[in-house]
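Right, one structure below, let's go through it.
The figures that follow rest on heavy atoms only: side chains count, while hydrogens, waters and symmetry mates do not. Note on naming: letters A, B, ... go to the chains in the order of the sequence lines (proteins, then strands), and numbering restarts at 1 for each one.
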Amino acid sequence: MTSPVRVRIAPSPSGHLHVGTARIGICNWLFARHNGGKFILRIEDTDPERSFAEMVTSIQESMKWLGLNWDEGPYFQSQRGEIYTQWTERLRNSGHAYLCYCTPEELAAKREKAQQEKQPIRYDGNCRNLSDADRARYEAEGRKPALRLRIPDGETRYTDLVYGDLTRSNAELDDFVCARADGRPTYNFACVIDDHDMQISHVIRGNDHITNTFKQVLIYRALGVEPPLFAHLPLNLGKDRRKISKREGATSVIEYQQMGFLPEAIVNFLALLGWSPGDEREIMTRDELVDAFTLERVNPSNPVFDMQKLEWMNGEYIRKMSTNELLERLTPVLMESGLVTRLHIQTNWAWMLRVVETLRERIRLLNDIVEQGAFYFTDKFSYEEKGAKKYFNRPGAAEDLTLLSNEFGKLPSSDFTKVGTEALLRKLAEQLGRSPAELIHPLRLALTGMTTGPGVFDIVELLGRDKCVARLQHAVDFIRKSDQQ
RNA sequence: GUCCCCAUCGUCUAGCCCGGUCCAGGACACCGCCCUUUCACGGCGGUAACACGAGUUCAAAUCUCGUUGGGGACGCCA
């Protein structure tokens with residue numbers, strides 16, 4: 001690599017950071033880090049109608065959350081007006097562009113007509129060869145002209161680092177607008193100016209930009225400037241095989257964050273969408289990704305975003321993490337649920353660690369802790385209907401639980417351990433001539449309201465004698481009450 | 001309508017550039033068994049793919065062409 005590697009991610013602040021944009025960002029970031037280059041953040045906010053300050057903030061926060069630290073920027077296109085003006089002048093004077101007096105309304109009408117008549121949708125070249133008199137007439141009407149690039153005959157080609165040699169006939173490309181009537185640049189023009197001005201070495205973006213690339217190459221030529229290298233990545237599709245959209249459910253990184261996904265899992269998963277290291281590794285650390293990432297290994301076909309696999313991967317990361325770190329990540333989730341306060345977590349850290357220990361291999365998302373672990377923090381839960389039918393709605397159920405409650409109550413608290421209570425229950429079962437499971441299932445239901453969950457004696461120990469006894473008695477009351485009805 | 005791109009299990013992919021080692025490997029999901037107080041974790045096993053048709057070749061998932069299917073682009077949006 002002769003020139004230094006400089007890549008960029010250029011989101012437009014019309015919404016939160018989209019997972020598609022994030023994936024492109026990850027690839028750019030990995031490419032920069034792999035090559036010891038720079039990763040630049042540029043905000044494409046030339047359209048004030050669709051640019052929101054709070055989204056600029058949100059995008060940056062999501063980037064940071066994913067660990068995509070940038071070396072330069074954010075640059076804002078909205079603050080670069082003078083630079084564009086200079087280049088617009090240069091383009092106008094180069095003779096490669098001309099003024100177009102057609103109004104947006106006229107053009108829209110023509111486009112619609114062409115579409116209805118199933119004709120190619122293209123600019124008709126109305127203003128391509130205007131005489132001075134024509135121009136004067138339009139000016140007299142008060143029309144403000146836009147600046148269009150005059151596309152030469154022939155064809156345009158470039159070598160894509162992912163898709164290889166690509167060619168397109170210039171006849172297929174419109175004379176497109178570079179500067180609007182008010183002087184502001186359009187996307188393609190601003191993009192070229194910025195990439196050149198920021199000395200971007202590789203433009204790595206979604207393959208929906210391939211058509212734009214031909215146009216941009218033409219701009220570079222008209223300006224007499226050397227274009228960067230281009231690499232287009234496949235587009236990740238939603239389950240419906242279309243460009244991932246709102247209908248999909250979660251489309252922005254922030255939503256995944258709120259669902260309880262880990263940033264490292266998202267980065268790992270997204271990096272593997274359309275790219276693979278070539279061996280059979282799947283769970284890869286950030287460093288491993290950086291080390292292995294090359295454009296050559298990008299698969300050109302569009303992948304489908306598979307949420308189930310993301311969830312699996314998130315679970316892998318949860319299980320890999322130390323319990324201490326997991327608890328730290330769980331803390332905000334727990335607090336938000338209203339189940340516990342931060343103070344309670346902090347003052348009971350050791351106990352919390354044991355709680356997390358019992359749940360860690362059962363959760364895939366951080367948020368799963370709320371539903372699955374609620375019983376550790378509150379007595380206010382209802383009994384799972386199916387479970388109650390099966391374990392409570394049985395002759396002798398109340399008696400069994402009463403017996404268990406009494407025996408538990410008699411146990412000195414020093415013996416109220418996982419081992420101690422299990423031994424007690426098994427002995428009791430033997431005396432009753434029943435299998436331990438016949439007591440264990442109702443016990444779990446009484447203690448947690450659920451039929452699934454951590455080992456019941458872990459729960460017993462963590463809850464402690466008093467809570468266990470109280471919950472058993474509450475269950476007995478519940479059974480007697482429903483028996484009366 | 002025009003143009004561009006893509007095509008291996010349901011999904012993500014390895015293999016394709018440099019044809020034989022591929023009756024196609026891994027992962028998710030699914031199914032079964034084991035472990036077990038439940039669920040989960042873990043272990044073991046299973047179902048499942050080279051879109052189709054021609055051609056080149058002794059030999060094609062791999063090369064060529066066509067068909068079909070999918071995606072994208074065609075804005076004074078980005």
Side-chain angles (χ1 to χ4, degrees), chain A residues 10-14 44-47 49-51 77 100 102-104 107-108 111 114-123 144-148 160 162-164 166-169 171-174 176-182 184-188 190-191 206-214 232 234-237 239 241-243 269 272-283 296-297 299-313 315 319 359-364 372 387 422 425-426 435-441 443-445 450-457:
Chain A
S12 99
S14 52
E44 309 224 318
D45 57 351
T46 54
D47 187 355
E49 300 268 308
R50 301 184 200 192
S51 298
Q77 289 191 323
C100 171
C102 300
T103 64
L107 295 168
R111 254 197 307 278
Q115 197 148 25
Q116 274 175 3
E117 292 173 359
K118 307 240 179 232
Q119 291 301 304
I121 307 160
R122 218 164 289 153
Y123 176 60
K144 289 273 181 279
L147 187 65
R148 277 185 195 273
D160 195 289
V162 170
Y163 290 92
L166 263 24
T167 307
R168 191 149 184 201
S169 163
E172 299 298 330
L173 271 10
D174 292 51
F176 57 93
V177 171
C178 286
R180 301 175 170 93
D182 63 7
R184 285 156 51 232
T186 57
Y187 164 73
N188 278 309
C191 183
N207 71 17
D208 51 340
H209 284 288
I210 287 181
T211 314
N212 285 327
T213 306
F214 294 102
H232 288 89
L235 237 40
N236 50 351
L237 275 19
K239 201 137 191 72
R241 289 205 163 273
R242 317 202 90 238
K243 223 169 154 178
F269 174 76
L272 254 29
L273 228 46
W275 173 83
S276 92
D279 49 39
E280 279 167 3
R281 285 180 292 170
E282 297 233 75
I283 305 293
E296 289 75 48
R297 294 209 53 84
N299 178 340
S301 58
N302 295 338
V304 171
F305 187 98
D306 182 2
M307 181 81 102
Q308 277 188 315
K309 188 154 184 175
L310 208 209
E311 285 185 17
W312 161 77
M313 194 170 273
R319 262 166 268 131
L359 254 13
R360 61 176 301 154
E361 65 205 20
R362 278 162 247 266
I363 60 174
R364 295 192 134 193
Q372 293 188 38
E422 177 162 7
L425 183 139
R426 287 187 187 277
S435 79
E438 284 178 82
L439 294 179
I440 284 171
H441 293 302
L443 174 60
R444 171 180 289 104
L445 188 63
M450 304 190 294
T451 55
T452 64
V456 76
F457 299 107

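- Nearest-nucleotide mapping onto RNA chain B: of Arg122(A) and Thr451(A), the residue sitting toward the 5' end is Arg122(A).
- Atom C1' of nucleotide C17(B) and atom CZ of Arg297(A) are separated by 12 Å, given to the nearest angstrom.
- Arg281(A) has no side-chain polar atom (N or O) that falls below the 4.0 Å cut-off from OP1 or OP2 of A27(B).
- Contact annotation: Thr103(A) does not reach the phosphate of C76(B) (side-chain N/O to OP1 or OP2, under 4.0 Å).
- Among the heavy atoms of the strands lying under 4.0 Å from Arg148(A) are primed sugar atoms or P, OP1, OP2 only; no base atom is included.
- Comparing Val456(A) and Thr167(A) against RNA chain B, the residue whose closest nucleotide sits nearer the 5' end is Thr167(A).
- The same atom, P, is picked in U57(B) and in G19(B); the two are 16 Å apart, to the nearest Å.
- Between the side chain of Arg168(A) and the base of C4(B) there is no donor-acceptor pair of N/O atoms closer than 3.5 Å.
- The existence of a salt bridge linking Asp182(A) and Arg180(A) is excluded, since no basic side-chain nitrogen approaches an acidic carboxylate oxygen closer than 4.0 Å.
- Pairing partner, G42(B): C34(B), with both Watson-Crick or wobble hydrogen-bond distances short of 3.5 Å.
- The shortest distance between the side-chain N/O atoms of Arg364(A) and the OP1/OP2 oxygens of A40(B) is not below 4.0 Å.
- Side-chain contact between Ser301(A) and Pro234(A) is absent, with no heavy-atom pair separated by less than 4.5 Å.
- Of all nucleotides present, none satisfies the Watson-Crick or G-U wobble test against C22(B) with each distance under 3.5 Å.
- Thr211(A) has no side-chain polar atom (N or O) that falls below the 4.0 Å cut-off from OP1 or OP2 of C4(B).
- Base pairing annotation: C17(B) forms no Watson-Crick or G-U wobble pair, as no partner gives both donor-acceptor distances under 3.5 Å.
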